[in-house]
Student: 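Before we start, here is the structure in question, set down as structure tokens.
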Amino acid sequence: MSVTTRFAPSPTGFLHVGGARTALFCYLQARSAAGKFILRIEDTDLERSSEESVQAILDGMRWLALDYDEGPYYQTHRFDRYAEVTRQLLAERRAYHCYCSKDRLEVMREQQMQQGLKPRYDGFCRERQDIPADIKPVVRFRNPDAGDVSWDDAVRGQISISNSELDDLVIARPDGSPTYNFTVVVDDVDMAVSLVIRGDDHINNTPRQINIYRALGADLPQFAHVPMILGDDGARLSKRHGAVGVMQYRDDGYLPEALLNYLVRLGWSHGDQEVFSRAEMIEHFDIRDVNRKAAAFDTQKLDWLNQHYMRTMPAAEVAEHLRWHFDHQGLDPQQGPALADLVSVQAERVKTLREMAEVSAVFYRDFDEFEPGAAKKHLRLVAAEPLQAIHTKLAEIENWQPQQLHEAVQQTAVDLGVNMGKVAQPLRVALTGTSVSPAIDKTLWLTGKPRSLARMDVALKYIEQRGATE
RNA sequence: GCUCCCUUCGUCUAGCGGUCCAGGACGCGGCCCUCUCACGGCUGAAACACGAGUUCGAUUCUCGUAGGGAGCGCCA
């Protein structure tokens, strides 16, 4: 039997990493079974839903390349269908009109809580005969009174709850608009969803939904409730933990491959394997292997994976992602080395693409002054000779490649009878204005010949002036 | 308050009754490499929440306790 999964976010914000992980699981489960993956936007709450949020979700899905086979469907486009099913349930007396005021409901809940009971609707309108003319009623689903509801959750195992814990939930508001627990069921039935993967905050909704499936005479799908994601402090992930929206990770310099790999390993594993290509994820992932425990988000591990992907993916591919950050930081890739070359050098030195762009700016535009500490330490009178010597040597190099540049620096040190550091460090400060940069041959290579020689001239002049004032 | 759910190193996890004085990864410490920062190599510290059972034998099964989470809406 083929599998149909669906990701059904409500557009009330960006695509949250927890949601992204759920979407990934849905996607993987469908792909590994050659099934179908549907995207459905649950926008029945007109107050909180927005166009921007829909777009944010679509953008997030696309950035992560979680392509779906159907959709996006919008629940707001299906109101006629929900109304039709509501009428049907009403006609079958599986649902009824309720005229209770919100005030009455609230008072009742408070009293129940005070008595140590779980607040539930008391069924007051179930058999009500009089019909208040001036009140627009809601529609309530008539939940079974007796028995238990249980299901075998694909990640949690057997879960069971007594119907006596449930009450008659509202499925349509006075204006006729449907509510969540009703629309999901209608949609999942209509769309033939066979595997419902969602956050475990929905476990408590599941028995109510199962009762609706039954009232509709529909087959039950399999349910899989995945644990949520916690912040690094163990508390529920929220804005104060920093990035929670998927696109924020793009902005912060993460590759989609890294985020996906990180998310799939959060609560799931395949032996000791840490790195998974998309094909490997599809091959090995099984929703039944997902852990039951909520997992804390660890940015440091994400960083490690991100660097791994920056180093191992084709440099040209990483360069395309890097280009976005260049634009964002106002850097012009035309004014320096090819981005792929930059990636090949910088990937092992930084954790994110944003950081890569930041530390690489010096190869694309001139800096105003030497960093004081670095200049003080390395651009001293004793550095003049090595700098002059390497300048002379470099000026003669035609083939400006790391190999040749390395030999030039090394030979200069040998000629002067000093160690590499005596030549490389002043040179590094001359080229970058700082004492931290890639290996000196790579730094020269990326800086390019004209710019390198020009900056050395500036540094030599700086040393000269400084010597004069000392 | 009530219902449901969860519990292995700081974090993500392996473990599906003996192979575990508990393995891997991130992070952290040390050493090595070294022109800086990194990368890499080697190495170290670090966990079965607690208590009863079941069993010849429990990290693994059962039940309690403690701690944590979620839900109890005319939100999704």
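In what follows, chains carry the letters A, B, and so on, assigned in the order in which the sequence lines appear, proteins first and then strands, with residues in each chain numbered from 1.
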Student: Run the salt bridge (Lys or Arg N to Asp or Glu O under 4.0 Å) test on A:Arg81 and A:Glu84 for me, step by step, so that the C-alpha distance in whole Å, both residues' side-chain angles and the decisive distance to 0.1 Å come before the verdict.
Tutor: CA-CA 5 Å; A:Arg81 172 60 182 154; A:Glu84 181 188 349; 3.5 Å; yes
Student: Say we look at B:rG30 and B:rC48: how far apart would their C1' atoms be, to the nearest angstrom?
Tutor: 28 Å
Student: What N/O pairs connect the protein and nucleotides 40-43 of chain B at under 3.5 Å? Give each pair on its own line.
Tutor:
residue: B:rG40; atom: OP1; partner: A:Arg311; partner atom: NH2; Å: 3.1

Student: If you check the A:Gln425 side chain, which of B:rC74, B:rC37, B:rC35 turns out closest?
Tutor: B:rC35
Student: Rounded to whole angstrom units, what separation is found between the CG atom of A:Leu105 and the P atom of B:rG73?
Tutor: 9 Å
Student: Of the listed nucleotides (B:rC39, B:rG1, B:rG23), which one gets closest to any side-chain atom of A:Lys118?
Tutor: B:rG1
Student: Starting the side chain at C-beta, find the nucleotide from B:rC74, B:rG1, B:rU13 nearest to A:Pro119.
Tutor: B:rG1
Student: Without decimals, in angstroms, what is the distance between A:Arg428 CZ and B:rU34 P?
Tutor: 15 Å
Student: Between B:rU59 and B:rA76, how many Å separate the two P atoms, rounded to a whole number?
Tutor: 47 Å
Student: Distance check, P atoms only: B:rG24 and B:rG15, in whole angstrom units.
Tutor: 15 Å
Student: Counting the atoms with a prime plus P, OP1 and OP2 as sugar-phosphate, which does A:Arg120 contact under 4.0 Å by heavy atoms, base, sugar-phosphate, or nothing?
Tutor: nothing
Student: At under 4.0 Å between heavy atoms, what does A:Pro9 touch on the DNA or RNA strands: base, sugar-phosphate, or nothing?
Tutor: nothing
Student: When you check the side-chain N and O atoms of A:Ser437 and A:Arg428, is any donor under 3.5 Å from an acceptor?
Tutor: yes
Student: Hey, is the side chain of A:Ser269 poking within less than 4.0 Å of OP1 or OP2 on B:rA14, counting only N and O atoms?
Tutor: yes
Student: Quick one: side-chain contact (heavy atoms from CB on, under 4.5 Å) partners of A:Leu230, sequence neighbours excluded?
Tutor: A:Met228, A:Ala294, A:Ala296
Student: For A:Gln112 and A:Arg109, does a side-chain donor sit closer than 3.5 Å to a side-chain acceptor?
Tutor: no
Student: How about A:Thr5 and A:Gln29: does a side-chain donor come under 3.5 Å of a side-chain acceptor?
Tutor: no
Student: Identify, between A:His270 and A:Lys422, the residue whose nearest nucleotide on RNA chain B lies closer to the 5' end.
Tutor: A:His270
Student: Is it the case that the base of B:rG1 and the side chain of A:Gln114 share a donor-acceptor contact (distance under 3.5 Å, atom types as modelled)?
Tutor: no
Student: Determine the contact category for A:Glu274: base if any of its heavy atoms lies under 4.0 Å from a base atom, sugar-phosphate if only primed atoms, P, OP1 or OP2 are that close, otherwise nothing.
Tutor: base
Student: Determine, for A:Phe124 and A:Arg104, whether the Lys NZ or Arg CZ falls below 6.0 Å from the six-membered ring centre while staying within 45 degrees of the axis.
Tutor: yes
Student: Reckon A:Ala172 touches a base, only the sugar-phosphate, or nothing at all at heavy-atom distances under 4.0 Å?
Tutor: nothing
Student: What nitrogen or oxygen pairs link the protein and nucleotides 58-62 of chain B at under 3.5 Å?
Tutor:
none

Student: Can you tell me the Watson-Crick or wobble partner of B:rC63, both distances under 3.5 angstrom?
Tutor: B:rG51
Student: Roughly, in whole Å, what's the span from OH in A:Tyr180 to C1' in B:rC72?
Tutor: 15 Å
Student: Under 4.0 Å, heavy atoms only, any strand: does A:Gly199 hit a base, just the sugar-phosphate, or nothing?
Tutor: nothing
Student: Work out how far the C1' atom of B:rC12 is from that of B:rG27, and round it to whole angstrom.
Tutor: 11 Å
Student: For A:Asp289 and B:rG15, what is the distance between atoms CG and P respectively, to the nearest whole Å?
Tutor: 9 Å
Student: Can you check the A:Leu405 CG to B:rC35 P distance for me, whole Å?
Tutor: 17 Å
Student: In chain order, what residues pass the salt bridge (Lys or Arg N to Asp or Glu O under 4.0 Å) check against A:Arg21, with sequence neighbours excluded?
Tutor: none
Student: Under the salt bridge (Lys or Arg N to Asp or Glu O under 4.0 Å) rule, collect the residues that match up with A:Asp441, sequence neighbours excluded.
Tutor: none
Student: Whom does B:rC31 pair with, Watson-Crick or G-U wobble, provided both distances fall under 3.5 Å?
Tutor: B:rG41
Student: Would you classify A:Ser435 as touching base, sugar-phosphate or nothing, given that sugar-phosphate means primed atoms plus P, OP1 and OP2, and contacts are heavy atoms under 4.0 Å?
Tutor: base
Student: What is the distance, rounded to the nearest whole Å, between atom CZ of A:Arg6 and atom P of B:rA76?
Tutor: 14 Å
Student: Could you state the OH-P distance from A:Tyr121 to B:rC2, rounded to the nearest angstrom?
Tutor: 25 Å
Student: Do A:Asp201 side-chain and B:rA76 base share a donor-acceptor contact under 3.5 Å?
Tutor: no
Student: May I ask you to check whether A:Ser160 and A:Asp148 show a side-chain donor-acceptor distance below 3.5 Å?
Tutor: no
Student: In whole angstrom, give the distance that lies between atom NE2 of A:His202 and atom P of B:rG71.
Tutor: 9 Å
Student: State which of B:rC74, B:rC2, B:rA70 makes the closest approach to the side chain of A:Arg173.
Tutor: B:rC74
Student: Can a donor-acceptor pair be found, under 3.5 Å and without considering hydrogens, that links the side chain of A:Arg173 to the backbone of A:Thr179?
Tutor: no
Student: Is there a donor-acceptor contact under 3.5 Å linking the side chains of A:Ser435 and A:His378?
Tutor: no
Student: Under a 3.5 Å cutoff, is there a donor and acceptor pairing between the side chains of A:Tyr180 and A:Asn205?
Tutor: no
Student: Check every atom of B:rC74, B:rA76, B:rU36 against the side chain of A:Arg48 and return the nucleotide holding the closest atom.
Tutor: B:rA76
Student: Could you please name the option among B:rG73, B:rG24, B:rC35 that lies closest to any side-chain atom of A:Arg265?
Tutor: B:rG24
Student: Return no unless some side-chain N or O of A:Ser177 is found under 4.0 Å from OP1 or OP2 of B:rC74.
Tutor: no
Student: Kindly indicate whether a cation-pi arrangement holds for A:Arg208 with A:Phe141, taking the cut-offs as under 6.0 Å to the six-membered ring centre and within 45° of the axis.
Tutor: no
Student: Under the 3.5 angstrom rule, does the side chain of A:Thr22 hit a backbone N or O of A:Gly18 as a donor-acceptor pair?
Tutor: yes
Student: Taking the side chain of A:Asp272 as heavy atoms from C-beta outward, which of B:rU36, B:rG24, B:rG73 is closest to it?
Tutor: B:rG24
Student: Using a heavy-atom cut-off of 4.0 Å across all strands, would you classify A:Leu266 as base, sugar-phosphate, or nothing?
Tutor: sugar-phosphate
Student: Could you go over nucleotides 5-11 of chain B and give all protein N or O partners under 3.5 Å, atom names and distances?
Tutor:
residue: B:rC5; atom: O2'; partner: A:Arg156; partner atom: NE; Å: 3.4
residue: B:rC5; atom: O2'; partner: A:Arg156; partner atom: NH2; Å: 2.4
residue: B:rC6; atom: OP1; partner: A:Arg292; partner atom: NE; Å: 3.2
residue: B:rU8; atom: OP1; partner: A:Lys293; partner atom: NZ; Å: 3.4
residue: B:rU8; atom: OP2; partner: A:Lys293; partner atom: NZ; Å: 2.5

Student: Counting only N and O atoms by type, is there a donor-acceptor contact under 3.5 Å from the side chain of A:Asp175 to the main-chain atoms of A:Ser177?
Tutor: yes
